[in-house]
Amino acid sequence: MPLALLALAVGAFGIGTTEFVIMGLLPEVADDLHVSIPAAGHLVSAYALGVVIGAPLLAAVTSRMSRRTVLIGLMALFVAGNALSAFAANYDYLLAARFLSGLPHGAFFGVGAVVATTMVAPERKARSVSLMFLGLTVANIVGVPAATLMGQHLGWRATFLGVSVIGVAAIASLALLIPHDHAQAPRVGLRGELAALRSLPVWLALGTTVAGFGALFSAYSYITPMLTDAAGFAEGSVTLLLALFGVGATAGNLLGGRLADHSMRGTLFGGLISLAAILALFPLLMTTEWTAALAVVLLGTAAFVTGSPLQLMVMEKASAGPSLASSANQAAFNLANAGGAWIGGLALAAGFGATSPAVAGAVLAVLGLGVAATAATVDRRRAVPGRERVVATHVPHEAEALQH
């Protein structure tokens with residue numbers, strides 16, 4: 001694997017840290033800016049809105065630019081957004097800065113995934129994507145806890161300054177390690193990117209992302225009350241348990257990348273089935289502390305096994321113009337975040353119990369499995385190779401046989 005993937009992982013680490021750290025700093029921000037906790041919570045939504053809008057928009061307007069230049073520019077925008085967050089004079093300015101910080105998120109992962117796959121052999125594409133995503137999952141183990149502690153002891157503004165420094169390090173890494181000869185995008189332009197996005201298989205892949213990761217966030221958004229109310233953990237133990245989720249997510253991400261290089265669709269189906277089963281068992285697993293801790297790890301593992309195959313599937317279905325579709329998959333991921341949390345909240349509000357969001361998530365995982373199965377059926381009916389292996393090594397030989 002090329003060292004250039006490290007540069008992408010550093011950028012992903014910074015993005016993952018700033019996305020999730022705000023959740024642990026809401027009390028400090030609310031107290032300092034004299035707003036309520038619910039109002040401070042809108043800072044999370046502002047970032048997510050920036051991701052959803054920025055992912056397709058920035059990928060579209062940069063479609064004819066060098067991908068290396070695009071990645072550096074996106075990370076510069078990320079640094080600017082976090083620096084402005086650190087120096088925000090009031091709540092409204094911070095809200096706008098968080099929106100700005102979210103704009104480059106999806107496009108960075110989308111374009112970065114395309115660049116990552118161009119730097120490796122075809123049979124290692126999924127692993128290259130998983131190594132970029134490694135920065136995101138490691139951020140949940142190291143970056144978010146460290147940044148939260150920094151914010152609690154030095155003030156929340158120090159956290160965003162620290163994240164800005166990570167962004168500067170990512171810019172230097174990208175400039176140094178991303179090679180120019182792999183940086184130029186095919187000259188498809190915006191029209192070509194939009195044409196690729198009109199494909200039904202692309203939208204089915206995006207739908208799988210929304211349903212599959214919606215299943216995760218339906219449960220994960222309410223994991224704290226599950227652990228405290230159902231499993232009996234003290235509130236002080238939750239931070240460590242969330243780090244265990246990060247460990248599971250990291251393991252699942254690496255495992256999914258390796259397995260998807262052998263069977264992309266099989267890995268996706270296996271991950272969704274495992275996710276549905278684990279979520280359905282949450283009411284049972286949350287009855288004791290040790291099984292609850294195991295459930296948290298397994299949840300992260302099963303969910304992130306599907307990350308690399310979903311990203312790669314969207315890119316392959318939009319192979320004529322993959323940057324926009326790849327970035328749109330990141331927007332789909334954030335829609336899953338918001339939608340899953342909303343559905344899990346409905347289950348709680350209906351009085352179905354502390355673990356009911358996980359059961360709702362299991363239903364969403366089954367829905368995602370149904371969408372993935374529909375996509376497989378569409379592939380077969382269109383007589384388009386589903387390519388269970390990423391590399392179609394026998395195609396040239398078959399073409400040669402037809403010529404003779």
Side-chain angles (χ1 to χ4, degrees), residues 19-20 23 38 41 44-45 48-49 51-52 140 203-233 238 241-242 244-246 248-249 252 256 268-289 291-307 310 329-375:
E19 178 181 17
F20 294 108
M23 300 173 188
V44 178
S45 303
L49 182 62
V51 177
V52 173
N140 283 281
W203 283 101
L204 288 172
L206 294 174
T208 307
T209 296
V210 172
F213 276 94
L216 166 65
F217 286 110
S218 178
Y220 187 69
S221 300
Y222 305 97
I223 195 69
T224 296
M226 288 189 212
L227 292 170
T228 55
D229 298 344
F233 280 102
V238 172
L241 291 165
L242 294 183
L244 288 178
F245 172 85
L268 177 58
F269 283 178
L272 289 172
I273 292 171
S274 300
L275 182 59
I278 291 165
L279 288 171
L281 289 172
F282 251 56
L284 177 63
L285 294 172
M286 285 290 161
T287 55
T288 65
E289 290 188 352
T291 54
L294 177 63
V296 171
V297 177
L298 292 177
L299 176 64
T301 304
F304 279 85
V305 159
T306 66
L310 277 171
N329 194 51
Q330 295 302 310
F333 179 88
N334 278 269
L335 287 175
N337 190 338
W342 177 68
I343 291 173
L346 290 179
L348 275 179
F352 293 136
T355 59
S356 60
V359 178
V363 175
L364 286 174
V366 172
L367 176 61
L369 190 62
V371 177
T374 301

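Because only heavy atoms are used, hydrogens play no part in the values below, and waters and symmetry mates are left out as well, while side chains stay in. Throughout, residue positions are numbered sequentially from 1 according to the sequence presented.
- Atom-to-atom distance recorded for W342:CH2 and L335:CG is 13.0 Å, nearest 0.5 angstrom.
- One distance of note links CG of L244 with CG of L299; it measures 12.0 Å at 0.5 Å rounding.
- In terms of heavy atoms, A280 sits closest to A362 at N-CB, 3.8 Å.
- Here the closest non-hydrogen pair linking P357 and M226 is CB-CE, 4.0 Å.
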Evaluate side chain to side chain contact (heavy atoms under 4.5 Å, CB included) for F282 paired with V359, printing each intermediate quantity in order.
CA-CA 7 Å; F282 251 56; V359 178; over 6 Å; no
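- Pairing each heavy atom of A302 with each of I278, the nearest pair is CB-CD1, 3.7 Å.
- A distance of 7.0 Å separates OG1 of T291 from CG of L284, quoted to the nearest 0.5 Å.
- Formation of a donor-acceptor pair under 3.5 Å by the T301 side chain with backbone atoms of G252 is not found in this model.
- Looking at Y222, its side chain does come within 3.5 Å of a backbone N or O of G345 through a donor-acceptor pair.
- L348 and G353 get closest at one heavy-atom pair: CD2-O, 3.3 Å.
- Heavy atoms only, all atoms of each residue included: T209 and F333 are closest at CG2-N, 3.9 Å.
- Proximity of a side-chain donor or acceptor of S218 to a complementary backbone N or O of G214 within less than 3.5 Å is not detected.
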Run the numbers on I223 and L241 for side chain to side chain contact (heavy atoms under 4.5 Å, CB included), then give the verdict.
CA-CA 10 Å; I223 195 69; L241 291 165; over 6 Å; no
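- From T224, atom OG1 reaches atom CZ of F233 across 12.0 Å, with rounding to the nearest 0.5 Å.
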Pair L275, T306 - check side chain to side chain contact (heavy atoms under 4.5 Å, CB included), show working.
CA-CA 10 Å; L275 182 59; T306 66; 6.0 Å; no
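- Atom-to-atom distance recorded for E19:CD and N140:CG is 8.5 Å, nearest 0.5 angstrom.
- Taking each heavy atom of A354 and D229 in turn, the nearest pair found is CB-CB, 4.4 Å.
- Rounding to the nearest 0.5 angstrom, the gap separating the CZ atom in F213 from the OG1 atom in T208 is 11.5 Å.
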Trace of the side chain to side chain contact (heavy atoms under 4.5 Å, CB included) decision for L227 with M286:
CA-CA 7 Å; L227 292 170; M286 285 290 161; 3.9 Å; yes
